[in-house]
Number of protein chains: 2
Amino acid sequence: MYLKSPIISAIIKTVNIWRDKGMSDNSISIAVIKRLPKYHRYLRDLINNDVERISSKELSDIIGFTASQIRQDLNNFGGFGQQGYGYDVANLYAEINSILGLEKEYNIAIVGAGNLGQALANYSNFNNFGYKLRGIFEINPRLVGLKMADVEVYDVDLLEKFVKNNDIDIVFICTGAGSAQKIVDRLEKTDIKAIWNFAPVDVKVSNDIEVQNVHLIDKLLTLTYFIKDK
Amino acid sequence: MYLKSPIISAIIKTVNIWRDKGMSDNSISIAVIKRLPKYHRYLRDLINNDVERISSKELSDIIGFTASQIRQDLNNFGGFGQQGYGYDVANLYAEINSILGLEKEYNIAIVGAGNLGQALANYSNFNNFGYKLRGIFEINPRLVGLKMADVEVYDVDLLEKFVKNNDIDIVFICTGAGSAQKIVDRLEKTDIKAIWNFAPVDVKVSNDIEVQNVHLIDKLLTLTYFIKDK
DNA sequence: TAGATTGTTAATCGATTAACAATC
DNA sequence: TAGATTGTTAATCGATTAACAATC
């Protein structure tokens, strides 16, 4: 091992200062991203109630985050407010809508036409947000050929071909635990961008498809923790 | 304002040290509680795969938390492991099952027999975990009187009486956004312990009923944030 | 016993909150 | 202009990770 020269030491120190300040990685914290949908929802409500401007303090009172956190969060993306005035509600909503990527439309397919698959197919909110359901896939031949929420149910064997021909962006997995990973393995070879999995297992991909494993029951279990001794 | 005596100052200092060490509040961090269902799920899988013992390092490899975090998490509740050996899987599962309050059974009612209500009613996992569905409530007269997952659909007017007579512990709200808070206001006057709300609004209570507002779409929106530029 | 692995303290890291100068 | 409120830096808080003595 050789001794570092003063110059090298100074450079290393500078790099470390950069690092400390997060300048080598300016990606936004996941904690912030997870709060964005709540901002989106509350701002939409404000628009529906004809509120035109709001201060971080007022927003804090209704959304439950501190005013300081709200200003910190928003300033990750830009200075959307105005000193002495606050934020223009419609403008702020549009900004967050854009940050979340909701200006585009996304083509959706659902795999699994059971109760949950049907519930998601019929949940009109998705459609309103720009998620367009193009096809539902099912292994049970009795369901194939039916229509749900105006969308046809196809044999799951046709999945890859359909995904390709219809530029599917996101697939919702509503199968049982046993087949979820198998479907994901098949989807990994396609060009889809994201998987939203409701089967009660954590599915994994080896490429850069975004995966969100939803475990509905988890929130019920934590709820139970808090009431068990009531 | 009067000057504090040295003795009073010393006491205040001691109290503050207590506070700093968290000795005045030994409740377990919410971050830990939220991880418990995942431990529960993975340990169940291990049991099903006939794994009898596991070290924090091995568990770390499959569950994705660091070994250090796993040991910290578990030691909030007790020393469940053994030096040089690791953890007994069946025993650890039983402990976490107990911590979550899953040794008891809970009586459930669902309000709203639409697609999501039906999907939850038919989701057998809840039943396996000890959540016993006793009644479904609906405003639409065409659905009242039907059976879903072997459970009768009642007129929503009967909700309070049924909750009382059947010792309902937890109510799942599967109504639209407009009626969710109204149902919650009615439930607030009953003896239920928790509300699991799927309507796309944040419902609030003024007493000590535990409330979990689930916004399915939130995870889809954060997913979209990560794929918008793909 | 020696090796392995926990339980637990200490160090680090990151997120939240507080404070205030800038400025509309 | 004066008051209000942001944008942003600094301080605090809490959660995660590292380290290691205890011990099976």
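Computed from a prediction, not measured in an experiment: that's the story for all the values here. First the proteins, then the strands, lettered A, B, ... as listed; each starts at 1.
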Please work out which of the three classes, parallel, tilted or perpendicular, describes the rings of A:Trp196 and A:Phe198, given edges at 30° and 60°.
perpendicular

Check whether more than 12 heavy atoms from other residues, nucleotides or ligands sit under 6.0 Å from atom NZ of B:Lys34, and answer yes or no.
no

Take atom CD1 of B:Ile33 and atom C1' of D:dA15, then tell me their distance rounded to the nearest Å.
14 Å

Using only modelled atom types and a 3.5 angstrom limit, is any donor from either the side chain of A:Gln72 or the base of D:dT6 paired with an acceptor on the other?
no

Any N or O donor-acceptor pair under 3.5 Å from the base of C:dT23 to the side chain of A:Gln82?
no

note: A:Asp73, atom CG; D:dT8, atom P; distance rounded to Å ~ 14 Å

Hey, does the side chain of B:Glu188 reach the backbone of B:Ser206 with a donor-acceptor pair shorter than 3.5 angstrom?
yes

Of C:dG7, D:dT6, D:dT16, the nucleotide closest to the side chain of B:Arg35 is D:dT16

To the nearest Å, how far apart are A:Ile70 CD1 and D:dT5 C1'?
13 Å

A:Arg53 side chain N/O closer than 4.0 Å to the phosphate oxygens (OP1, OP2) of C:dC24?
no

Gap between atoms CG and P, on A:Asn76 and D:dT9 respectively (whole Å):
12 Å

Can you tell me if B:Thr66 touches the phosphate of D:dT17, counting only side-chain N or O atoms and a distance under 4.0 Å to OP1 or OP2?
yes

Who does D:dT8 pair with, Watson-Crick or G-U, both distances under 3.5 Å?
C:dA19

Using atom CD1 of A:Ile30 as one end and atom C1' of C:dG14 as the other, report the distance to the nearest whole Å.
14 Å

Measuring to OP1 and OP2 of D:dA19, would you say a side-chain N or O of B:Arg71 lies under 4.0 angstrom away?
no

Could you state the CD-C1' distance from A:Gln83 to C:dT23, rounded to the nearest angstrom?
5 Å

Hey, are A:Gln72 and A:Asn76 close enough side-chain-wise for a donor-acceptor pair under 3.5 Å?
no

Presence of B:Tyr87 side-chain N/O under 4.0 Å of C:dG7 phosphate oxygens OP1/OP2
yes

Whole-Å distance, A:Tyr85 OH to D:dA2 C1', equals 19 Å

Report yes if at least one side-chain N or O of A:Gln69 is closer than 4.0 Å to OP1 or OP2 of C:dT16; otherwise report no.
yes

Side-chain donor/acceptor of B:Ser68 to base of D:dA18, under 3.5 Å
yes

Calculate the interatomic distance between A:Phe77 atom CZ and D:dG7 atom P; express it in whole Å.
14 Å

Start at the 5' end of DNA chain C and walk down; is the nucleotide closest to A:Ser29 or to B:Gly86 reached first?
B:Gly86

Could you please spell out the steps behind the salt bridge (Lys or Arg N to Asp or Glu O under 4.0 Å) verdict for A:Asp202 and B:Arg41?
CA-CA 10 Å; A:Asp202 291 335; B:Arg41 180 155 29 93; 3.2 Å; yes

Determine the contact category for A:Phe80: base if any of its heavy atoms lies under 4.0 Å from a base atom, sugar-phosphate if only primed atoms, P, OP1 or OP2 are that close, otherwise nothing.
sugar-phosphate

